[in-house]
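Comments concern the structure below.
Here is the naming used below: chain letters follow the sequence lines, and residue numbers restart at 1 for every chain.
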2 protein chains.
Amino acid sequence: MIENDDFDLQNFLPYLLNQAAEESSLAFQQIYKNKYGMLRTEWRVLFHLGAFGEMTASSIVTRAHIHKTKISRAVQKLVEKRFVTRERSEDDRRQELLRLTPAGIAAYRDLREIAENYDRTLEAKFTQGEVALLRVMLRRLGERG
Amino acid sequence: MIENDDFDLQNFLPYLLNQAAEESSLAFQQIYKNKYGMLRTEWRVLFHLGAFGEMTASSIVTRAHIHKTKISRAVQKLVEKRFVTRERSEDDRRQELLRLTPAGIAAYRDLREIAENYDRTLEAKFTQGEVALLRVMLRRLGERG
DNA sequence: TGGTAATAGTTGTTTTTGTAACTAACAAGG
DNA sequence: CCTTGTTAGTTACAAAAACAACTATTACCA
């Protein structure tokens, strides 16, 4: 302890957020890794396409704040796994439209159900009102700026 | 959108936690990186030693849930930077006692103050009661198991 | 004791990530 | 049109992380 040190690392919000994020990701991470050999970014891309439908890589970049090189590599892997197809856009031939294949949809549905169940086990630690407030606060903290 | 898909990725707690954790770490990360050339794990080790005093590597592993190889390499870097010294324990010669040097203490104090200020800017987004609840919830979510 | 298991910490190798530089396509002003 | 700038996405190389195997020391217990 460095003299009268009233700083508590366990109260520092970025630290608490990181610990909570890592711990809460752990169980789910094992599942998509073992079952589908996916990394975190691949899972995120899959879920964006599942939840929002056809998207371009850059719209995922914007929405999820993931760097475009990570997206690029994740898409490659998902294409190799036959979970995603890409098609060059007619309007703007720089863009590629990404879509889930039937296999991708199946994987998404499977993981989505697991995610929903897992989310419920996390929610069960708190009251409904607390969870609602937590989501509001996390969204605010996650905003750019 | 895949049929009547009521799953909202933006409500999935591990996702929200990750977004908030990454965003909230960003600003502070730049500071310890640019000012002291530290990585995240080095910063964490420094703060553990600053806040809790003399510790062994494995006690940091236990407390922070960081893998021992990451700790090992972070300690090496901190020793190279002359921020930390290590001394083999008399009781158990497998263990090394880690301590901050005066330079390490100075860096810790500097970063601690920046951390405190930064934390206050995050807190300012909410009421005091909300922040208190947030901390309780994050601690609960960050617990092992 | 002595042999097996467990713990503290390190090192080597393979994956992933970060950063920068690149190609290709479009946009917009002169 | 044509030069300059911007956007979409990829690739190459360097940095960091994950994972497994290793040494050294201590603990357990038959």
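- Salt bridge annotation for Glu42(A)-Lys81(A): present, with a cationic side-chain nitrogen under 4.0 angstrom from a carboxylate oxygen.
- Note on Ile31(A) and Phe12(B): same hydrophobic cluster, where clusters join Ile, Leu, Val, Met, Phe, Trp and Tyr whose side-chain heavy atoms are under 4.5 Å apart, directly or indirectly.
- Remark: P of dC19(D) and CG of Asn34(A) are 11 Å apart, rounded to the nearest angstrom.
- A ring-centre distance under 6.0 Å is not found for Tyr108(B) and Phe83(B).
- Within 4.0 Å of Arg86(A), counting heavy atoms only, lie sugar-phosphate atoms of the nucleic acid but no base atom.
- Taking the six-membered ring for Trp and the full ring otherwise, the centers of Tyr15(A) and Phe28(B) sit at least 6.0 Å from each other.
- Rounded to whole Å, atom P of dT26(D) lies 10 Å from atom CD of Gln95(B).
- Asn11(B) and Arg139(A) share a donor-acceptor pair across their side chains, judged by distance under 3.5 Å alone.
- Between Arg135(B) and Glu123(B) there is a salt bridge, since at least one side-chain N of the basic residue sits less than 4.0 Å from a carboxylate O of the acidic one.
- Leu39(A) comes within 4.0 angstrom of the backbone, heavy atoms only, and of no base.
- What you find for Arg63(A) and His48(A) is that their closest heavy atoms are CD-CD2, 3.6 Å.
- Between the CZ atom of Arg88(B) and the C1' atom of dA24(D) there is a distance of 8 Å, rounded to whole Å.
- Under 4.0 angstrom from either OP1 or OP2 of dA16(D) there lies no side-chain N or O belonging to Lys70(B).
- Closest contact between the side chain of Arg73(A) and the listed nucleotides dT11(D), dA18(D), dA8(D) involves dT11(D).
- We find that Glu22(A) and Arg40(B) are joined by a salt bridge, their nearest charged nitrogen and carboxylate oxygen being less than 4.0 Å apart.
- One atom, CZ of Arg94(B), and another, C1' of dC22(D), lie 16 Å apart when rounded to the nearest Å.
- Summary of the strand contacts: Thr41(B) and Glu90(B) both lie near DNA chain D, and taking for each the nucleotide with the nearest heavy atom, the more 5' one is attributed to Thr41(B).
- At least one side-chain heavy atom of Thr41(A) sits less than 4.5 Å from a side-chain heavy atom of Ile66(A).
- Spacing between atom CD of Glu22(A) and atom P of dA17(D) amounts to 11 Å, rounded to whole angstrom units.
- Bounding nucleotides for the chain B contact on DNA chain C, 5' to 3', at a heavy-atom distance below 4.0 Å, are dA6(C) to dT19(C).
- Nearer to the 5' terminus of DNA chain D, by closest-nucleotide assignment, is the contact made by Asp92(A) (compared with the other of Asp92(A) and Lys33(A)).
- Within residues 56-69 of chain A, the residues that place at least one heavy atom under 4.0 Å from DNA chain C are, in residue-number order, His67(A), Thr69(A).
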